[in-house]
Amino acid sequence: MKAIVLTAFGGVENLQLQEVPVPSVDAGELLVRVYATSINPLDYQIRRGDYPDYVPLPAITGHDVSGVVERVGPGVTAFKPGDEVFYTPKIFGPKGGSYAEYNVVPQELVTHKPANLTHAEAAAITLTGGTAWEALVTRTRLQPAETVLIHGGAGGVGTIAIQIAKAMGARVITTCRGDQAEFLLSLGADATIDYEKSDYVEEIARLTGGNGVNVVLDTIGGKTLERSPHVLADGGRVVTLVDITTPQNLVAAWGVNAEYHFVFTRQNRGKLLALKALLERGVIRPIIGATFPLEQIGAAHTALEQGSANGMPLRGKVVIEVN
C-alpha cells in the first residue's frame, strides 16, 4: 500500500511517500480502506520531534480516518466488509496511523460514519470533535446559560467547540482575527474578540459586565493561557489542549477558586456516537479549510502550521484525500 512514512524528525521533507506492507489484522480488529484523513497540530508536533519517546522511527502517523471496512478479524460482530466508518486510530499505536491507504484499528474505537457526511467531512471531525466534547462536556461540565470563552475559534477544535457549546445552551465568546469574525458568528458565536486589536481580558470584562466567564477553552497556550484566570468568574474552569511552556498565574487562579483541566484526548466510541447524533441532526457540521492529495502531505502540514492555504486565512481542518 502507499503510505506517508516519517523517516526523521524535523521538516516536511521527512514525510516520504513509500510502498509498505498492509498491516496484519488480529482478533478484534478491522482493516479499513482509508478514503480521507486530516491534519491536526498533534501531527506536526510529532513530525518536528516533540514526542520522540513515543514514536519510534520510521513511523506512519495521522489521527483521523473515514473509510470503508475491507476485512474483519476474529471476534468482530458489529462491523462487516463494506461498512462506512469513521474514527481516530490509537494515538502512538503499534500498527500505524492514517497517512496510508489502509489502517488497522481495534473495533472499540470505531463508529459507523454519519450517512449525511462525505468521507472528507467525516475525517475532519473525529479527533477535533472528540477533543471539544471531552473539554466542554466531560471535563468542564459546561451548563446551559453559562458563558464560555474559546481561544482560537477559527481552528479545527474551535469551530466544533463553538457549535457544541451553542447546542448545550451556553453563551459563546471567541477570540479570532478580525477577518474571521463574521464566519464564527455564523457558526453560533455570540461575540468575537479581535486579538490583534483588542486586549481579550478587557473585552471580556466589558462583554460580561465585569462578571467574567464560567469556562475558558484554550487552544493557544503561552501568554494567552497564563492570563486566562483574569477573565474567570468565581469557581470558573480552564481547560487547555496545549503543553505548559509558560509559568502560570496560579495566584490569580487561586483567587477565583479556579479549576484547571489538561486534555490529551483519548478517543472512544461513546464520544463519536454522541457527535454522530449531533452531526446527523445538523446541529453541528465539520469545517474544511483546505484539501490536499496524499502526495502533498508536506504542503498540508505547512498550511496548518502557517494558518493559511492558497493565500487565504485557514478555517477549520486541512483534509487529505487518500482513495
Side-chain angles (χ1 to χ4, degrees), residues 1-67 70-71 73 76 85-110 123 126-128 130-131 134 156-157 221 241-245 262-269 292-305 317-320 322-323:
M1 69 175 181
K2 292 180 180 178
I4 299 296
V5 179
L6 179 63
T7 58
F9 297 121
V12 296
E13 69 277 2
N14 296 318
L15 294 166
Q16 298 184 5
L17 183 66
Q18 297 183 6
E19 285 285 341
V20 302
V22 176
S24 61
V25 183
D26 297 325
E29 294 181 334
L30 313 175
L31 175 66
V32 175
R33 185 177 182 88
V34 180
Y35 276 70
T37 182
S38 65
I39 313 296
N40 299 280
L42 176 62
D43 298 320
Y44 65 71
Q45 291 164 3
I46 289 173
R47 187 209 73 225
R48 69 192 183 191
D50 289 12
Y51 306 100
D53 294 339
Y54 296 94
V55 186
L57 298 180
I60 299 171
T61 61
H63 301 95
D64 296 283
V65 169
S66 184
E70 189 94 354
R71 188 163 73 247
V76 175
V85 295
F86 77 141
Y87 60 91
T88 291
K90 187 174 288 186
I91 295 175
F92 309 134
K95 293 195 175 181
S98 58
Y99 293 174
E101 291 182 305
Y102 293 94
N103 179 253
V104 170
V105 59
Q107 62 177 330
E108 62 267 19
L109 299 185
V110 180
T126 59
L127 185 61
T128 54
T131 301
E134 182 166 337
V157 172
L241 317 179
V242 184
D243 292 346
I244 301 297
T245 57
F262 304 90
V263 171
F264 185 86
T265 192
R266 299 295 183 181
Q267 195 55 272
N268 59 56
R269 185 181 294 162
F292 294 85
L294 184 64
E295 293 79 6
Q296 295 180 18
I297 197 92
H301 270 236
T302 299
L304 184 60
E305 285 185 275
K317 294 299 294 293
V318 175
V319 168
I320 304 296
V322 181
N323 282 298

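Since this is a predicted model, take the numbers as computed values, not measurements.
Between Pro41 and Leu304, some side-chain heavy-atom pair lies under the 4.5 Å cut-off. Put simply, the side chain of Leu42 reaches to within 4.5 Å of the side chain of Phe264, judged on heavy atoms. The shortest side-chain heavy-atom distance between Asn40 and Lys317 falls under the 4.5 Å cut-off.
Arg269 places a side-chain N or O within 3.5 Å of a backbone atom of Gln107 that can act as its donor or acceptor partner. Proximity of a side-chain donor or acceptor of Arg71 to a complementary backbone N or O of Leu30 within less than 3.5 Å is not detected. For the pair Glu101 (side chain) and Lys2 (backbone), a donor-acceptor distance under 3.5 Å is present.
Residues Ser98 and Val65 approach most closely at CB-CG2, 3.4 Å, considering heavy atoms. Taking every heavy atom of both residues into account, Ala36 and Val319 meet most closely at CB-CG1, 4.5 Å. Scanning all heavy atoms of the two residues, the minimum distance from Pro58 to Val5 falls at CB-CG1, 3.6 Å. Nearest heavy atom pair, residue Asn103 against residue Gly96, reads ND2-O, 3.1 Å. In this structure, Val34 and Tyr102 approach most closely via the heavy-atom pair CG2-C, 4.0 Å. For the pair Ala300 and Phe292, the tightest heavy-atom approach, listed with the atom from each and the gap, is CB-CD1, 3.7 Å.
When only modelled atom types and interatomic distance are considered, Thr126 and Asp64 share a side-chain donor-acceptor pair under 3.5 Å. When only modelled atom types and interatomic distance are considered, Thr61 and Asp43 share no side-chain donor-acceptor pair under 3.5 Å.
Taking the salt bridge (Lys or Arg N to Asp or Glu O under 4.0 Å) definition, one finds that Lys95 meets it with Asp26, Glu29, sequence neighbours left out.
Rounded to the nearest 0.5 Å, atoms CD1 (Ile39) and CD1 (Ile320) are 4.0 Å apart. Here the straight-line distance linking atom OG1 of Thr7 with atom CZ of Arg47 works out to 11.5 Å at 0.5 Å rounding. The distance from atom CD1 of Ile46 to atom CZ of Phe9, rounded to the nearest 0.5 Å, is 8.5 Å.
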| Step-by-step side-chain contact (heavy atoms from CB on, under 4.5 Å) determination, Leu294 to Ile4 | CA-CA 8 Å; Leu294 184 64; Ile4 299 296; 3.6 Å; yes

Side-chain donor-acceptor distances from residues 14-24 under 3.5 Å, at least two apart:
from, atom 1, to, atom 2, distance (Å)
Asn14, ND2, Ala8, O, 3.3
Asn14, ND2, Gly11, O, 3.4
Glu19, OE1, Met1, N, 3.4

